[in-house]
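This report concerns only the one structure given below.
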Amino acid sequence: MITEEEKKDKNIFKQIIEENWEDFKKKYPSYNKPYYEEVIKKTVLRYFVWVNDM
């Protein structure tokens with residue numbers, strides 16, 4: 001069972017990725033590729049589902 005604190009941590013992680021991904025790609029253009037877009041989408045979705053299923 002996941003604790004409320006763990007849920008909060010996961011939500012913060014998700015928020016950091018979502019809010020900073022575009023700036024990160026600008027700073028590191030080699031990551032501005034469809035492959036990385038897909039990885040980030042899957043990661044965010046995985047954390048969202050994991051946190052909400054608990």
Side-chain angles (χ1 to χ4, degrees):
M1 187 83 174
I2 187 171
T3 67
E4 287 302 315
E5 188 170 326
E6 289 172 319
K7 281 186 185 181
K8 180 181 169 189
D9 290 345
K10 297 294 180 186
N11 285 330
I12 289 171
F13 172 77
K14 179 179 175 267
Q15 180 181 353
I16 289 169
I17 290 176
E18 289 176 334
E19 290 178 0
N20 296 289
W21 178 238
E22 293 301 320
D23 289 335
F24 179 86
K25 289 188 301 182
K26 288 175 188 171
K27 187 171 182 177
Y28 303 99
S30 63
Y31 288 93
N32 192 6
K33 296 187 169 49
Y35 169 79
Y36 295 111
E37 285 293 324
E38 210 44 47
V39 169
I40 292 299
K41 285 179 187 177
K42 287 178 182 178
T43 301
V44 169
L45 180 61
R46 185 178 304 125
Y47 279 105
F48 178 76
V49 169
W50 185 72
V51 167
N52 288 311
D53 280 350
M54 295 301 185

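Because the structure is a prediction, the values reported are computed rather than measured.
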Practice item. Would you sort out whether E18 and K14 count as a salt bridge (charged side-chain N to carboxylate O under 4.0 Å, His left out), showing the intermediate values? Key: CA-CA 6 Å; E18 289 176 334; K14 179 179 175 267; 3.3 Å; yes

Output the distance between atom [atom1] ([X]) and atom [atom2] ([Y]), rounded to the nearest 0.5 Å.
X   : Y   : atom1 : atom2 : result
K8  : T3  : NZ    : OG1   : 11.0 Å
I40 : N20 : CD1   : CG    : 11.0 Å
E38 : K42 : CD    : NZ    : 5.0 Å
Y36 : F24 : OH    : CZ    : 9.0 Å

Check your understanding: Is any side-chain N of the basic residue among E22 and K25 closer than 4.0 Å to the acidic one's carboxylate O?
Key -> yes

Review point. Can you hop from I12 to I17 via hydrophobic side chains spaced under 4.5 Å?
Key: no

Review point. Quick one: do Y28 and I16 end up in the same hydrophobic cluster if we chain Ile, Leu, Val, Met, Phe, Trp and Tyr together by side-chain heavy atoms under 4.5 Å apart?
Key: no

